[in-house]
Asks: 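Here it is, the structure in full.
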Amino acid sequence: MTKKQKVKKIIAVLREKFGKPECALNYETPFELLVAVSLSAQCTDKRVNIVTEEMFRKKGINTPKQFAEMELEEIETLVRSTGFYKNKAKNIKKTSEILLEKYDGEVPQEMDKLVELAGVGRKTANVVRGQIWGLAEGITVDTHVKRLTNLIGLIKGDNPIIIERELMEMVPREYWIDISHYLILQGRDVCVARRPQCDRCEINIFCNFGRKKLKKEGKNNS
DNA sequence: CTCCCGATAT
DNA sequence: ATATCAGGAG
């Protein structure tokens with residue numbers, strides 16, 4: 001079976017399991033999503049949602065103007081529990097200033113404009129573009145996508161740019177947005193980093209790691 | 001490549 | 001104690 005064929009089968013199974021996937025981060029505006037994704041670096045979605053709930057909803061701080069006018073230390077306190085809080089606070093403030101100066105406080109759609117914002121890379125830009133406007137110039141590659149594609153045997157290596165390019169070769173374009181959701185959901189539910197639950201994994205027959213592990217444990221699944 | 005860094009599961 | 005969590009910049 002070619003990798004393209006394998007990908008199609010994996011997508012079919014995961015689509016059946018998860019349906020139309022939704023964003024795990026809570027937001028009400030493009031700017032809120034941009035901030036939420038920025039905060040999600042090396043942090044769980046759950047923790048990000050706790051922080052953004054407090055910041056956006058309870059305190060009502062959710063616009064570029066507000067963040068641009070705030071003291072850096074104040075933003076640091078708000079986002080502290082997500083980790084990397086000094087970088088994240090600085091980036092949110094800087095990005096807010098850029099949005100006000102260049103884009104009238106709105107989040108631009110173009111990839112090249114998004115990645116020029118502070119602390120916004122291809123991954124964050126892909127999430128925002130896909131989630132807000134349904135645009136898929138590329139495929140979101142995060143820690144889960146990286147881990148699962150390597151375990152399954154679709155990808156070798158951990159360079160996110162290369163992973164994205166190779167995935168774009170084997171994933172049909174209409175699934176460029178959903179494939180990341182599927183792999184992330186499966187990655188959090190079943191194929192967790194510490195101890196992948198291969199014996200109850202719906203796609204273990206397509207997975208190099210899963211097949212090997214189950215064979216070793218004498219659980220023949222062929 | 002290193003650094004940023006708190007919360008949580010194991 | 002340690003690995004891991006929707007990464008990005010220098």
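Note on naming: letters A, B, ... go to the chains in the order of the sequence lines (proteins, then strands), and numbering restarts at 1 for each one. Here the structure is a predicted model, which is why all the values come from computation and not from measurement.
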Asks: Which part of the nucleic acid, if any, lies within reach of A:R188 when heavy atoms closer than 4.0 Å are counted: base, sugar-phosphate only, or nothing?
Replies: sugar-phosphate
Asks: Looking at A:R129 and A:E137, does any basic side-chain N land under 4.0 Å from a carboxylate oxygen?
Replies: yes
Asks: Looking only at heavy atoms, what is the nearest atom pair of A:L100 and A:A68, with distance?
Replies: CD1-CB, 3.7 Å
Asks: Check this for me, if you would: do A:D45 and A:R188 make a salt bridge, where the nitrogen-to-carboxylate-oxygen distance has to be below 4.0 angstrom?
Replies: yes
Asks: Mind checking whether A:F56 and A:E28 have side chains closer than 4.5 Å, heavy atoms only?
Replies: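 They are not in contact (no side-chain heavy atoms under 4.5 Å apart), so the answer is no.
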Asks: Rounding to an integer number of Å, can you tell me how far A:D189 CG sits from C:dA6 P?
Replies: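 Computing the A:D189:CG to C:dA6:P distance gives 13 Å.
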Asks: Taking B:dT10 as the reference, what is the distance to C:dA6 when you measure between their P atoms (whole Å, please)?
Replies: 14 Å
Asks: Using the P atom on both, measure C:dG8 against B:dA7 and round to a whole Å.
Replies: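 Per the computed distance, 22 Å lies between those P atoms.
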Asks: Considering only heavy atoms from C-beta outward, does the side chain of A:V190 approach that of A:K17 to under 4.5 Å?
Replies: yes
Asks: Can you check the A:L114 CG to C:dG7 C1' distance for me, whole Å?
Replies: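 So the CG-C1' distance, A:L114 to C:dG7, works out to 15 Å.
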Asks: Between atom CG in A:L185 and atom C1' in C:dC5, what is the gap in whole Å?
Replies: 15 Å
Asks: Short of 4.0 Å, heavy atom to strand atom, which residues of residues 33-52 of chain A count as contacting DNA chain B?
Replies: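 Here the set is A:Q42, A:R47.
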Asks: Do A:Q131 and A:Y27 touch side chain to side chain, with heavy atoms closer than 4.5 Å?
Replies: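 Yes - at least one pair of side-chain heavy atoms lies under 4.5 Å apart.
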Asks: Expressed as a whole number of Å, how far does the C1' atom of C:dT2 sit from that of B:dC5?
Replies: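 Taking atom C1' in both C:dT2 and B:dC5, they lie 15 Å apart.
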Asks: Write down the distance between CE (A:M111) and P (C:dG8), rounded to a whole number of angstrom.
Replies: 10 Å
Asks: Starting from C1' on C:dA6, measure out to CD on A:Q186 and report it in whole angstrom.
Replies: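 The answer, rounded to whole Å, is 16 Å.
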Asks: Do the side-chain N and O atoms of A:R147 and A:N150 include a donor-acceptor pair separated by under 3.5 angstrom?
Replies: no
Asks: Could you tell me how the ring of A:F31 sits relative to the ring of A:F67: parallel (under 30°), tilted (30 to 60°) or perpendicular (over 60°)?
Replies: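 The arrangement is tilted - the two ring planes meet at 30° to 60°.
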Asks: Mind listing the residues from residues 146-184 of chain A sitting with a heavy atom below 4.0 Å of DNA chain B? Number order is fine.
Replies: none
Asks: Taking all non-hydrogen atoms of both residues, which atom of A:V128 and which atom of A:L33 are closest, and how far apart?
Replies: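 Shortest heavy-atom contact: CA-CD2, 3.9 Å.
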Asks: Rounded to whole Å, how long is the line connecting atom OH of A:Y27 with atom C1' of C:dA6?
Replies: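 After rounding, the gap between these two atoms is 13 Å.
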Asks: Using a 4.0 Å cut-off on heavy atoms, which residues in residues 77-89 of chain A reach DNA chain B? List them by number, or say none.
Replies: A:R80, A:S81, A:G83, A:F84, A:Y85, A:K86, A:N87
Asks: In terms of side-chain heavy atoms, does A:T77 have a donor or acceptor partner in A:E74 at a distance below 3.5 Å?
Replies: no
Asks: Check this for me: does any side-chain nitrogen of one of A:E32 and A:R57 sit under 4.0 Å from a carboxylate oxygen of the other?
Replies: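 Salt bridge between A:E32 and A:R57, a charged N being under 4.0 Å from a carboxylate O: yes.
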Asks: If you look at every strand shown and take non-hydrogen atoms under 4.0 Å, does A:V120 touch a base, only sugar-phosphate, or nothing?
Replies: sugar-phosphate
